[in-house]
Every structure is written in C-alpha cells, then in structure tokens.
Amino acid sequence: MAEGSITVAEVETSFKKFAIHGDTKATGKEMNGKNFAKLCKDCRIIDGKNVTATDVDIVFSKVKAKSVRVITFEQFSQALGELAPKRFKGKSQEEALQQLYGLIAGKEPANMGVTRVAKAAAVDRLTDTAKYTGSHKERFDNSGKGRGKAGREELPDTSGYVGAYKGQGTYDDKVKEA
C-alpha cells in the first residue's frame, strides 16, 4: 500500500456503518463498545496474538468520556492510534496507522451465524391442522383457518332456548297462527 492511499473519509464511512449496526435509533455519529469490538473483529484488527478483545475493550474505556457509553469519530481515531502500534509491531506510528486504516476502509458489518429458516417439510407437518386431535382440532374450521375466540372458549348460547331444543326459532310462527 502506498502512503496516504487510504483517506480518513473512507474510514469514517466504515465507522458510520458499524455505528448504526444493530441499533435502530443510532445516528452514525457515535459508536458503542459492542460495535467498536465488532468493527475490530470484522476488520481483523483483533488477531488473537498482539491485539485481543480485552485490549480493544481497554482502549475503548480509555478514550471514552467517564460518564458516557459511546465514542465519537475523533475518539475512535484516538483509539486506532493506540491500537496501531500493538497490531503492527516494529513499524512507525504513522505507517502502522495507515495499515490499520487499510484494514478498516470499505468494510461493512458482517452477519455471522444468522438463523436460517427451518426445513419446510417439518414445519408443514407440525402446522397441518388436519392432523390436530382433541381440543386443538376444535380451534380450526375445515379449511384450516383459525376460529379465534370461538375455538378457544366455550361460548354460552344466549338464544333463550334450552340446549338441543328441536323447535328452536319456531316461536314467532306459532304466535302468528293464534
């Protein structure tokens, strides 16, 4: 890499992308410790030998203000300045910082270990209402659509007739005849 090939603007773009990752309310101007650690892990600043996750957490705590849980881009640059000589031992501060910028520039948060959709056959078998038995069977109609409250509770018959009365609904006809 040539000296000065990575601009601060490219690093700031990556900073903003990592700052808003996983937080719907984030503006991209401030980054929390979790996202700072994610940036260091995804951009391979944490190598397991020279720089560890503990080192990253310690540097984050050093650069942030005492009563705040987030860092700004200026504090982020300060943190990179502390991590650069640790990550690239034997190089000058400026050279190490440029190589660190090279690792960060153009990177985005990666989604590792994202939950996959379950196999369709298993889900279909478990959600097939035709195979339901007992009280669960009463919760669905013939098409498989749920009945709502009527399927969950035994609703009282408020028609005024005794249950299983065969002449239900015939009272008006009898009254008109008389």
Inset, instruction - Measure from the side-chain N and O atoms of K38 to the backbone N and O of A110, and report whether any donor-acceptor pair falls under 3.5 Å. - result: yes
Let me check something: any side-chain donor-acceptor pairs from residues 20-33 under 3.5 Å, sequence neighbours excluded? List them with distances.
unit_1 : atom_1 : unit_2 : atom_2 : d
D23    : OD1    : K25    : N      : 3.2
T27    : OG1    : K29    : N      : 3.4
N32    : OD1    : K34    : N      : 3.4
N32    : OD1    : N35    : N      : 2.8

Legend entry - Where C40 and L83 come nearest, the two heavy atoms and their spacing: SG-CD1, 4.2 Å
Inset, instruction - Determine yes or no for a side-chain-to-main-chain donor-acceptor pair under 3.5 angstrom, with R87 supplying the side chain and Q99 the backbone. - result: no
Legend entry - With sequence neighbours excluded, residues passing side chain to side chain donor-acceptor pair (under 3.5 Å) with K16: none
Inset, instruction - Kindly write out the residues that satisfy ring-ring contact (aromatic ring centres under 6.0 Å, His included) with F73, not counting sequence neighbours, or none if the list is empty. - result: F15, F76
Legend entry - All pairs passing ring pair (Phe, Tyr, Trp, His ring centres under 6.0 Å) where residues 37-62 contributes a residue, at least two apart: F36-F60
Legend entry - Student check: side-chain heavy atoms of V56 and L39 closer than 4.5 Å: no
Inset, instruction - List the atom of K86, the atom of N50, and the distance in Å for their closest heavy-atom pair. - result: O-CB, 3.1 Å
Legend entry - Heavy-atom side-chain proximity of F18 to D42 below 4.5 angstrom: yes
Inset, instruction - Specify the closest pair of heavy atoms between G106 and S14, including all atoms of both residues, with the distance to one decimal. - result: N-OG, 3.2 Å
Legend entry - Exam field: side chain Q93 to backbone G81, donor-acceptor pair closer than 3.5 Å: yes
Inset, instruction - Could you tell me which residues satisfy side chain to side chain contact (heavy atoms under 4.5 Å, CB included) with T52, sequence neighbours excluded, listed by chain and number? - result: T54, D55
Inset, instruction - Return the set of residues passing side chain to side chain contact (heavy atoms under 4.5 Å, CB included) with K145 (not counting sequence neighbours), or none when no residue passes. - result: D141, S143
Inset, instruction - Could I get the full list of side chain to side chain donor-acceptor pair (under 3.5 Å) partners for K17, not counting sequence neighbours? - result: E108
Inset, instruction - Quick one: name the residues clustered hydrophobically with V70, using the 4.5 Å side-chain heavy-atom rule over I, L, V, M, F, W, Y, and just say none if it's on its own. - result: V68
Legend entry - All pairs passing salt bridge (charged side-chain N to carboxylate O under 4.0 Å, His left out) where residues 68-85 contributes a residue, at least two apart: K62-E82
Inset, instruction - Check salt bridge (charged side-chain N to carboxylate O under 4.0 Å, His left out) between D57 and all other residues, then give those that pass, not counting sequence neighbours. - result: none
